[in-house]
Amino acid sequence: MLIGGLQKFSLLDYPGNISAIIFTQGCNFCCQFCYNPLLVLPHQSFFSKILTDKRNKFKYIGVNHSQQQKDHFKYNENDLFAFLKSRINKLDAVVITGGEPTIHKDLIEFITKIKKLNYLVKLDTNGSNPEVIKKLIDKKLLDYIAMDIKASKEKYQKVINKQIVLEKIEKSVKIIMTSNLPYEFRTTIMPEFFDQNDVFAIGELIKGADKWYLQKFKSDIELINPKLKNKESYSDQQMNEFAKIGQQYVKECKAR
Ligand code: SF4
């Protein structure tokens, strides 16, 4: 597994449990608001030039890091398992996030090893690989799933800055909702790409779901699209109004 980082302790990332967070490296999306640029595009410098084409799509002129710099973002798997073994009975759970964990061919094997240590496992995913999600569920390797819904269908490609087959997102939503596992959907709310109509559109996509969290866009950190840095997010009041609309579609919708 290509591991980009490890957070050894968290009270927030697995509801009701103490967890460690493993950040896998690499992603098949390139969300404009992503605040993990070094996990998504580890070979490119984020302080290099940005090109903008006529359609206002952005792309990078990447500056290759040296091998030493690349290695800085890798975490050795043996060290990781030594750490997890040393925390048995101290931590309850492991959160696997990214990047996008499901793009890694050895994900099933990797989670199987973690489950052998008797940890609960939560997967954070962008939902682009429904087949992998289904396999993990069928093999009983997951205890909680959090899936990002990036935008309404018509804005998806623009927000993630990649071409994607939207049916895969819909398929993942269905698989997760019928999995009998605890789960949540999450949407990062960025004023540039999100208004009230999007709450209705996404609400339809996940109608009947258990939980939908609307996350405030953070702009005070390095983002994949640096042009969004320091852009304003919606006010708490506006976020709560969106959540009120979302509540019409799911059992629980909250702004956070
Ligand atoms: S799916 Fe997640 S990790 Fe990948 S680019 Fe989007 S926000 Fe970043």
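Whatever order the structure lists them in is the order used to number ligands and atoms, beginning at 1. None of the values given here were measured: they were computed from a predicted structure. Numbers here simply count residues along the sequence, with the first being 1.
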Suppose I only count heavy atoms of N126 and a 4.0 Å limit; which atoms of ligand 1 are within that range? 1 (S)

Against heavy atoms of G99, which atoms of ligand 1 measure under 4.0 Å? 3 (S)

Protein heavy-atom partner closest to [atom] - residue, atom, separation in Å:
{"atom": "atom 8 (Fe) of ligand 1", "answer": "C34 SG, 2.3 Å"}
{"atom": "atom 6 (Fe) of ligand 1", "answer": "C31 SG, 2.3 Å"}
{"atom": "atom 7 (S) of ligand 1", "answer": "K150 NZ, 3.4 Å"}

Quick one: do the [X] and [Y] side chains pair a donor with an acceptor below 3.5 Å?
{"X": "E100", "Y": "T125", "value": "yes"}
{"X": "E184", "Y": "Y144", "value": "yes"}
{"X": "S19", "Y": "N17", "value": "no"}

Is ligand 1 less than 4.0 angstrom away from at least one heavy atom of V40? yes

Applying a heavy-atom cut-off of 4.0 Å, say which part of E100 lies close to ligand 1: side chain, backbone, both or neither. neither

Show, in sequence, the C-alpha distance, side-chain angles and deciding distance for I206 and I149, and conclude whether the side-chain contact (heavy atoms from CB on, under 4.5 Å) test is met. CA-CA 9 Å; I206 58 169; I149 307 288; 4.0 Å; yes

Mind checking whether atom 6 (Fe) of ligand 1 has an N, O or S of C27 under 2.8 Å? no

Test side chain to side chain donor-acceptor pair (under 3.5 Å) applied to N161 and N225, step by step: CA-CA 10 Å; N161 210 34; N225 181 355; over 6 Å; no

So R87 and D92, salt bridge (charged side-chain N to carboxylate O under 4.0 Å, His left out) or not? Walk me through it. CA-CA 9 Å; R87 288 300 185 279; D92 308 310; over 6 Å; no

